[in-house]
Amino acid sequence: MKILVVGGGGREHAIIKKLRENSSVEKIYALPGNGGMADDAVCVPIAATDLEAIKAFALENKVDYAVVAPDDPLVMGAVDLLTDAGLPCFGPSKAAAVIEGSKVFSKDLMRKYSIPTAQYRSFEGLDEALKYIETAPLPTVIKADGLALGKGVIIAQTREEAREALISMMAHGKFGKSGSRVVVEEFLEGPEVSVLAFTDGKTVKPMVSSMDHKRAMDNDQGLNTGGMGTVAPNPYYTEAVAKECMEKIFLPTIHAMTAEGRTFKGCLYFGLMLTENGPKVIEYNCRFGDPEAQVVLPLLESDLLTVMQACTNGTLEETEVKFSSDCACCLIMASKGYPVEYEKGFEITIEDEAKPYVYSAGTRLSPDGRLLTSGGRVLGITAVKPTLPIAIKAAYSLKDKVHFENAYYRHDIGQKALKAYREA
Ligand code: AMP
Ligand code: GLY
């Protein structure tokens, strides 16, 4: 089989490595992929958002199955375009991807179907929003409606900060069109859990839970990033919590999407907060998380391609989705200065011992074949071990076998999870 994977980050590298475990997979094309995954896939320099070029490439190269991993092409309708061209695809349609593409849509969906989430109001006009935040409880959470690379959320501690956030989003176009509508919502507190779930629109099979570390610096200080590291499973996500989430959140969401004529097939990401009033949805994503995929997929014991095809074909109910009882830790090595400003172009060397554990993200190959840094999150290192403390230790010692100038990483990935285990 020939498979095409749209995207070029660490998440896509994790998907590709897992797909390669299936012996019927002869070739994987990554569009555009990245320099560090060249041993695992044929990287083709077509942008993930160039949908017509992706379609033309798939048809020309007689691709059998496509996986669309990032949010942008999904929200733009990549799966519809490829499916209409006769190519079966993993991922939601454009109509279903709106669950991530519009926060106003997802909040209205949760309200309509009584799915637990923060109280909110949505606004299209700046004046009305400004008026509302003069009396809204503080802190207050302001979210751009559309996609904003995970940066469109501002937690305002004061009215002044709330005003500034609204003005920058709605008047100054900080997130472009994404910020022309906003959601202002209640501030929630509690441990956060990421749950990725396979679904064919009827059945939902959650993957092992995980914990992201979104802030740039140790002890959750600094700016929000795409994610600086992950561990799986998440100790806060007990069996009782999982059961409650299935009943009150996962199944109701899948059924709500179908009732709206937007059947969701693919991987649905539930960003949850475990509040004292029960689990609530912080956000939905219409795709695998990055770097959640880098800890969850290595723990998958079932064949990924088979499970993905079952989501596409509507046969997930009878398809086994099994996870190992091991623990995983992914440590992101970033460029110093990420997520603001950073230098690129430094040579990366990875000692042989570490190579199998590296998921490459912001990397490219120089014309003479050297691997260079080319982005903020450069690569992730995932260790899988029988217990979390050993997995964390292993990820950090593998880091010493990966070298590039200006490397930056957090020192405390997994520490919050260890604390939760100790207190349990
Ligand atoms: P999001 O991009 O929606 O995942 O939001 C980024 C981060 O902001 C989340 O991981 C939370 O830590 C935080 N956040 C978002 N919404 C809320 C909320 N209603 N209350 C408290 N924190 C929030
Ligand atoms: N790691 C969070 C995300 O993928 O959105």
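As the structure lists them, so they are numbered: ligands from 1, and atoms in each ligand from 1.
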Colleague: Are any of the heavy atoms in Y269 under 4.0 Å away from ligand 2?
Modeller: yes
Colleague: List ligand 1 atoms under 4.0 Å from F187, heavy atoms only on the residue side.
Modeller: 20 (N), 21 (C)
Colleague: Which ligand 1 atoms, with their elements, are less than 4.0 angstrom from a heavy-atom of K143?
Modeller: 3 (O), 15 (C), 16 (N)
Colleague: Is the distance between the ring centroids of F57 and Y29 under 6.0 Å?
Modeller: yes
Colleague: Out of all atoms in ligand 1, which are within 4.0 Å of some heavy atom of I282? Include the element for each.
Modeller: 15 (C), 16 (N), 17 (C), 18 (C)
Colleague: Which atoms of ligand 1 are found less than 4.0 Å from any heavy atom of E185?
Modeller: 16 (N), 17 (C), 18 (C), 19 (N)
Colleague: Does E189 come within less than 4.0 angstrom of ligand 1, counting non-hydrogen atoms of the residue?
Modeller: no
Colleague: Is it the case that R377 places NZ or CZ above or below the six-membered ring of Y338, under 6.0 angstrom from the centre and within 45 degrees of the axis?
Modeller: no
Colleague: Taking atom 10 (O) of ligand 1 as the point of reference, which of K280, E192, R215, Q119 owns the nearest heavy atom?
Modeller: E192
Colleague: Run the numbers for me: atoms of ligand 1, each under 4.0 Å from some heavy atom of K103, listed by number.
Modeller: 3 (O)
Colleague: Under the 3.5 angstrom rule, does the side chain of R11 hit a backbone N or O of F288 as a donor-acceptor pair?
Modeller: yes
Colleague: Check whether any side-chain heavy atom of L166 sits under 4.5 Å from a side-chain heavy atom of I133, and report yes or no.
Modeller: yes
Colleague: Between S360 and N34, is any side-chain donor less than 3.5 angstrom from a side-chain acceptor?
Modeller: yes
Colleague: Considering only heavy atoms of K214, which atoms of ligand 1 have at least one such atom less than 4.0 Å away?
Modeller: 4 (O), 10 (O)
Colleague: Nearest non-hydrogen atom to atom 14 (N) of ligand 1 belongs to which of N285, V281, I155, I142?
Modeller: I155
Colleague: Are Y132 and F123 an aromatic pair by the rule of ring centers under 6.0 Å?
Modeller: yes
Colleague: Among V98, D200, T258, T199, find the residue that satisfies the side-chain contact (heavy atoms from CB on, under 4.5 Å) test when tested with F264.
Modeller: T199
Colleague: Return the option from R287, Q294, K214 holding the heavy atom at the smallest distance from atom 3 (C) of ligand 2.
Modeller: R287
Colleague: Number the atoms of ligand 1 from 1 as they appear, then name those within less than 4.0 Å of a heavy atom of V141, with their elements.
Modeller: 16 (N), 17 (C), 18 (C), 19 (N), 20 (N)
Colleague: May I ask you to list the atoms of ligand 1 that are less than 4.0 angstrom from any heavy atom of V153?
Modeller: 1 (P), 2 (O), 3 (O), 5 (O), 8 (O), 15 (C)
Colleague: Check whether K143 reaches the backbone of V104 with its side chain - one donor and one acceptor, N or O, closer than 3.5 Å.
Modeller: no
Colleague: Does only the side chain of N285 get under 4.0 Å from ligand 2, or the backbone, or both, or neither? Count heavy atoms.
Modeller: side chain
Colleague: Verify the ring-centre separation between F90 and Y65: is it less than 6.0 angstrom?
Modeller: no
Colleague: Just jot down the ligand 2 atoms closer than 4.0 angstrom to any heavy atom of E292, in number order.
Modeller: 1 (N), 2 (C), 4 (O)
Colleague: Could you establish whether G289 and ligand 2 come within less than 4.0 Å of each other, counting only heavy atoms on the residue side?
Modeller: yes
Colleague: Please confirm whether G226 comes within less than 3.5 Å of ligand 2 when only nitrogen or oxygen atoms on both sides are compared.
Modeller: yes
Colleague: Check this for me: does any side-chain nitrogen of one of K416 and D220 sit under 4.0 Å from a carboxylate oxygen of the other?
Modeller: yes
Colleague: When only distance counts, is E186 in polar contact with ligand 1, meaning an N/O pair under 3.5 Å?
Modeller: yes
Colleague: Any carboxylate oxygen within less than 4.0 angstrom of a Lys/Arg side-chain nitrogen, looking at E260 and K112?
Modeller: yes
Colleague: Counting from 1, what ligand 2 atoms have a heavy atom of D212 closer than 4.0 Å?
Modeller: 1 (N), 2 (C)
Colleague: Tell me yes or no: between the side chains of Y120 and D108, is some donor less than 3.5 Å from an acceptor?
Modeller: yes
